[in-house]
Amino acid sequence: MPQPETSLMNRLVSLCKRRGFVYPASEIYGGLNGFWDFGPLGTQLKNNIRDAWWRDMVDCPPIGPDGQPVSIVGIDTSIIQHPKTWEASGHLSGFADLMVDCKESKKRYRADHINVFEVTMRDEDKEEKARLFFSYVEPEQLNEIVAGLIKRTKKDSQYYLSFERHPRNDSEKYCREEGLANNFLSKIQSDFILIERPFTALNAEEQAKVIGPDAKNAGTLTEPRSFNLMFNSYVGVFQNEESKVYLRPETAQGIFLQYKNVLDTSRVKPPFGIAQVGKSFRNEVTPRNFIFRTREFEQMEMEFFVPPEDGMKWYEFWVAERLRWWGEMGLSKANIFRHEIGDGDRAFYSAATADIEYKYPFTDPNFGELEGVAYRTDYDLKQHQTFSKTNLEYIDQEAKTRYLPHVIEPAAGLTRGVLALLCEAYQYDESRASPEWLKLKPSLAPIKAGIFPLVNKDGMPEVAEKLFMDLRKTHTCQYDAKQSIGKRYARMDEAGTPFCITIDGDTLTSQNVTIRNRDTAQQEKVALDQVKSYLSTKLS
RNA sequence: GCGGGUGUAGCUUAGUGGUAAAGCACCAGCCUUCCAAGCUGGCUAUGAGGGUUCGAUUCCCUUCACCCGCUCCA
């Protein structure tokens, strides 16, 4: 099938705007980086995905690995919580890392990851000639720098390099550990001055002299800047440090904070889950790729509390279950990928994490995150227990034991789900009157059926309107009598509407309507009084 | 945050230091008995701000947004 010149993403973004799925936020003011608004169809689609998740999590959860139905309850917590929440969760410190940019190499580093060491160059009389600040991040970089220095000392014999002792070890041992040449010491004259400090420990004057880890010239590193990813605000009219609060960067913490209340009031016991859907906010450094990475987004998170010894069993269960679910929503197997996060890359508190990734057009042939399933152990409850001084243990009356449950967290991006499903649904077929159309799963489609009088006369509009008034009670429908029937079909194709019901001359005489199938463009006759049950069957 | 690119109507494009053009879409009317038909009419644009100029959409500066690459993604 020949594809148009413009990229898939551009066409999708264009269609989203044209049909009212997604608009740039604040567009009339020039837009706002990292924010998008959902239009009528997009909102409907998002709500449908959200509702499907809620139904499959809370109302009708799957059967667990032990053959019993899983027990999950839903809650809805505040976007703004007590600021201590984020201290306990680690978001405040984790998000507050100072970053440094290099103007020469264009790289960015965590300020405390840059190791700086100072080299004093002296002449033969040991008079100080120059002080240089070298820096490195990887040990290999240190080797390179030192090798360069040795070369330089040899060539230019009037200088002696001197390093101070390494603070942690004596120099000899240090060389050994870092894999430096054994004769390193002997090659460098006199006493070593190797003052190694993190970049953050330097004063501004010194920082300005540092040669960046990947740079040749000194002074190319910016001063450390905070990249706190949490939005903040103030509670009350006095804006000071005491009144400072944060917009939640994830919905999960609200669940942990209410875990005990739910346990005490809902007659649940481990294993059980608490689910929540809602907005989260992260002041992302680089919002990018349409609604993939935005500063305000919606999450569908569920925290599943289990006895510690059952952690891995439930982790495996939920990863498999969530993969299955996204498939059921319409994502093809070829486009979903289970990405097991390795030991080095996982959050420190997590015993296992798998990302469910989707092959978005902008990541293709690679995949991008759609949902993360993390085995968070008892980290969160333990933290909140410590910080709040509240006992959060579960007391098992039967077994006469008490423990902090372990947590499995399937955390899905609702906004990303909308994107993935739109990408998956987007079809281009030049042979159709409407080359672009959305093959959405019927139950997720924003509009389930379009209802059209074939022509705008002979009593057809009246019958169609009556049918519309009846169907709209049970299904999201749209009545359209404008322009030609072909245009109306095409419009519905772009909206992903699975069925179009046409009232024609035949309807007036034999009480039959024509139902057109979006995917095949085939039509079938259905009795007027059977339309509702037809839709219900097809949409279930 | 850095580098590169792009900003003209809802979309896709044209054009110009001197009245901004077209196709499609959209709206209204007519017509129309099944896949963006036709006719008539209509709405709508130089991302924003500043400078140079008699005059700027065009040249310059700043800014904003989007795209690509880096970086970031607890």
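A, B, ... follow the sequence lines: proteins, then strands. Residue 1 opens every chain. Not measured: the values here are computed from a predicted model.
If you take CG of A:Leu12 and P of B:C11, they are 15 Å apart, rounded to a whole angstrom. Atom CZ in A:Phe452 sits about 14 Å away from atom P in B:C35, given to the nearest Å. Atom CG of A:Asn33 is separated from atom P of B:C66 by 4 Å (rounded to the nearest Å).
With hydrogens and angles left out, the side chain of A:Arg19 and the base of B:G10 share no donor-acceptor pair within 3.5 Å. One can find a donor-acceptor pair under 3.5 Å joining the base of B:C34 and the side-chain atoms of A:Tyr489. Judged by distance alone with a 3.5 Å cut-off, a donor-acceptor contact links the side chain of A:Glu494 to the base of B:A36.
In this structure, A:Asn10 does not reach the B:C66 phosphate: none of its side-chain N or O atoms is under 4.0 Å from OP1 or OP2. A close approach under 4.0 Å does not occur between any side-chain nitrogen or oxygen of A:Arg288 and OP1 or OP2 of B:U71.
Ring orientation note: the planes of A:Phe231 and A:Phe281 are nearly perpendicular, at an angle over 60° on the 30°/60° scale. Ring geometry, A:Tyr379 versus A:Tyr349: the interplanar angle falls under 30°, so the pair is classed parallel (tilted spans 30 to 60°). Aromatic ring pairs are classed by plane angle as parallel below 30°, tilted from 30° to 60° and perpendicular above 60°; the pair A:Phe362 and A:Tyr360 is parallel.
Look at the P atom in both B:C2 and B:U57: the space between them is 29 Å, to the nearest Å.
Residue A:Asp458 is in base contact, counting any heavy-atom pair closer than 4.0 Å across all strands shown. No contact: A:Met9 has no heavy atom under 4.0 Å from any strand. Counting any heavy atom pair closer than 4.0 Å across all strands shown, A:Arg488 reaches no nucleic acid atom. Within the nucleic acid shown, A:Thr514 comes within 4.0 Å of at least one base atom, counting heavy atoms only. Here A:Glu369 lies out of heavy-atom contact (under 4.0 Å) with every strand.
Remark: A:Lys46 qualifies as a cation-pi partner of A:Phe38 under the 6.0 Å distance and 45° angle criteria applied to the six-membered ring.
In this structure, of B:A36, B:C34, B:C11, it is B:C11 that holds the atom nearest to the side chain of A:Ser14. Minimum atom distance to the side chain of A:Asp504 is reached by B:C34, of the listed B:C34, B:A28, B:C66. When the nucleotides B:A36, B:C72, B:U33 are ranked by their closest atom to the side chain of A:Lys487, B:A36 comes out on top. Side-chain atoms of A:Phe362 lie closest to B:C68 of the nucleotides B:C26, B:C35, B:C68. Comparing B:A36, B:A28, B:C35 by their closest approach to the side chain of A:Ser484 singles out B:A36. Counting only heavy atoms from C-beta on, A:Glu284 has its side chain closest to B:C73 among B:C73, B:U12, B:C34. Across B:C11, B:C27, B:U71, the shortest atom-to-atom separation from the side chain of A:Thr286 is found for B:U71. Of the candidate nucleotides B:U33, B:A74, B:C35, B:C35 has the atom lying nearest to any side-chain atom of A:Arg516. Distances were taken from every side-chain heavy atom of A:Arg293 (C-beta onward) to each of B:C34, B:C26, B:C73; the shortest belongs to B:C73.
The partner of B:G69 is B:C2, judged by Watson-Crick or G-U wobble contacts that both fall below 3.5 Å. When both pairing distances are held under 3.5 Å, B:C34 makes no Watson-Crick or G-U pair with any nucleotide shown. Applying the Watson-Crick and G-U wobble criteria (two distances, each under 3.5 Å), B:A45 pairs with nothing in any strand.
Nearest-nucleotide mapping onto RNA chain B: of A:Asn289 and A:Arg295, the residue sitting toward the 5' end is A:Arg295. Nearer to the 5' terminus of RNA chain B, by closest-nucleotide assignment, is the contact made by A:Lys457 (compared with the other of A:Lys457 and A:Gly34).
By the 6.0 Å contact criterion, NZ on A:Lys382 is open, its count of non-hydrogen atoms from other residues, nucleotides or ligands being 12 or less.
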